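Quick caveat: nothing in here was measured; it's all calculated off a predicted structure. Within every chain, numbering begins at 1; the chains are lettered A, B, ... in the order of the sequence lines, protein sequences first and strands thereafter.
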Amino acid sequence: MSLLRCEGVTKYFGGLRALDGVDLVVDPGEIVGLVGPNGSGKTTLMNAISGTFGINAGRVEFDGTDVTGMRPHQRAHLGIARTFQIPKPLPSLSVIDNVALAYTFGRDQVPMGRARQLAGDLLAELELAGKALAPVAHLNLHERKLLGIARALGLEPRLLLLDEVLAGLNPTEVDLGLAMITAVRDRGVAVIYIEHNVKAVTSISDRLYVLNRGTNLVDGNPRDVVADERVVAAYLGDAHADPA
Amino acid sequence: MSPMQVAVLQTIVSGALLGTLFGTIALGVTVKWGLLGIADFFHVSLTLFGAYVTYSLVSVAGLHPLATLLVTVPSFFLLGMALQWIFVRLEVKLFTSLLVTFGLFVVAESVITLLWSADTLTLRPVLPEWLTAPVALPWPLQQVRVLPPDLLALVAAIVLIGTTTWALRATRLGRGLHAMHQDPGIAEVFGVRLTRTAVLVAGFAAGTAAVAGMVVALKMPLSPHLPLHWLGVVVVSSLLGGLGRPLGALIAAVFLMIVQNLWALFYSPSWAPVIAFSFLLLYLVLQPLLTGRGLRSLGGAA
Ligand SMILES: Nc1ncnc2c1ncn2[C@@H]1O[C@H](COP(=O)(O)OP(=O)(O)O)[C@@H](O)[C@H]1O
Ligand SMILES: [Mg+2]
């Protein structure tokens, strides 16, 4: 059975149709790449899955449960975790306490002392241990993105939604990031990986979806998808895109 | 000690102890204002309501004053939760909360008058001697006398403000509340139940009003317009102490009441109530200069 099933997901912002009947399926333990030109609705789809806002039509099913009407905390408790395109750590908490928050309020509701230990272990794995006690204001972009991932993993999710976590990083950092996402998948966590950099996402995705203007354009095997002429055309129409 | 020195010491001690009572009342106000974004003037009325309920439970039902807490705290907890639940449903924001709770504040005076009459009521005649007889402080302050309800106010303040300060730092509820205050959207994505958190915190705040109400009933004669006299000190202490910081509110309340009592000792008592607001004005003028944050900080502490 698939882990996540989105059917006909539709979302309007006023008169703007950000998503128009999008379908998407994720199986347990796979990396699904989600690409598309700027403004094609990728982040909006992520918000619809994590429950940040309600949708106008369609349905979202997680592990056989209809979650369409559920609040974000309920979805978090079922095992849906996400990062934010612009990292949003809580400024008054240290790095480790930001991660511990997720353990404390996540799926297993870990007691606070234990949550801090687990958070420390996770930060060590991500090579952020040196900054564990620092205020989040002391982190650079790369570290803030890592913290965003650590915090999402702190929920001990079954599905991890990553929104352009590698954008703005240098090539070495991107390679490390890709290895890390693969490692997360190998632990059995399914990943939806939104990325503007098509090459990066193609290299690690098991399957690839392309959105264009809020609708499904193409999906399937990453190599076939990037070679599809509709995809090439969509990206050529987008001045900001970097299909290489 | 000279009689004047004793009078000054006595004034300072009484002022400080009265300050602990206002600090306890301010506890609920500062936590709700600073961390839930609800400026709750009604909390002050709720305190007096607690005092009247204590009065009836002791004088009519014959309960031991401390035993009344077993009745008042849980019922106020439920009342506070119910009110906050309605606020959450109606998506009440800071400014609306100010208007709504001020309305409730006005209505509460009428309701209390209706239920208990406008006459002054006092528990003093029915209280046991250990709650009414003045006690001398230990050496070297043996010439200073305090009343047992004032000591009760001190104990209540230490216990409640201590517990709250600890809970805000070290419990799940406190951590969730801070997260929700900073970014509700993020908090919710990481599993914090927003409604539950807000409702529990408001219930706790109302519970503290019940405790403060009991101290009020033991300490002073009750009349329906008391909240009007308290509101200034409570709100100013909450602001001066830094919204969302109960310990700050306590320190501010103690300080304000000492200054106010000393003023009344040396100058005209009728001007004493102006003290609190003078400090607030001073603070409002100086604070933007000192911190560069401006009046935005009235929206709540970080
Ligand atoms: N909260 C919002 N309010 C109004 N419009 C929005 C909002 N979020 C996204 N949009 C619009 O929806 C469209 C899709 O945006 P988004 O999902 O962020 O695209 P992507 O992540 O693929 O770049 C864009 O036109 C964007 O301007
Ligand atoms: Mg986006």
Judged by atom type as modelled, is there a donor-acceptor pair below 3.5 Å linking the side chain of B:E188 to the main-chain atoms of A:R71? no
Minimum heavy-atom separation for [X] and [Y], please, with both atom names.
X	Y	result
B:R172	A:F105	O-CZ, 3.0 Å
B:R175	A:L101	CG-CD1, 3.7 Å
B:V189	A:L155	O-CD1, 3.6 Å

Interface residues of residues 190-200 of chain B facing chain A - heavy atom cut-off under 4.5 Å: B:F190, B:G191, B:V192, B:R193
Proximal to chain A - members of residues 156-171 of chain B, heavy-atom separation under 4.5 Å: B:R169, B:A170, B:T171
Measure the spacing between CD of B:Q182 and OG of A:S92 and express it to the nearest 0.5 Å.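 Reported to 0.5 Å precision, the distance equals 3.5 Å.
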Could you tell me which of [options] has the largest number of non-hydrogen atom pairs under 4.5 Å with chain B?
options	value
A:N98, A:T52, A:L93	A:L93
A:R75, A:K88, A:Q74	A:K88
A:A100, A:P91, A:P89	A:P91
A:H77, A:R82, A:R151	A:R151

For [X], does the [atom1] atom have more than 12 heavy-atom neighbours from other residues, nucleotides or ligands under 6.0 Å away?
X	atom1	value
A:I86	CD1	no
A:F53	CZ	yes
A:E127	CD	no

Under 4.5 Å heavy-atom distance to chain B, tell me which part of [X] shows up: side chain, backbone, both or neither.
X	value
A:V99	neither
A:T104	both
A:F84	side chain

Tell me, please, which residues at least two apart from B:V92 pass side chain to side chain contact (heavy atoms under 4.5 Å, CB included). B:I38, B:F87, B:L90, B:T96, B:S97
Who in residues 132-150 of chain A is close to chain B, using a strict under-4.5 Å heavy-atom cut-off?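 Heavy-atom contacts from residues 132-150 of chain A to chain B are absent.
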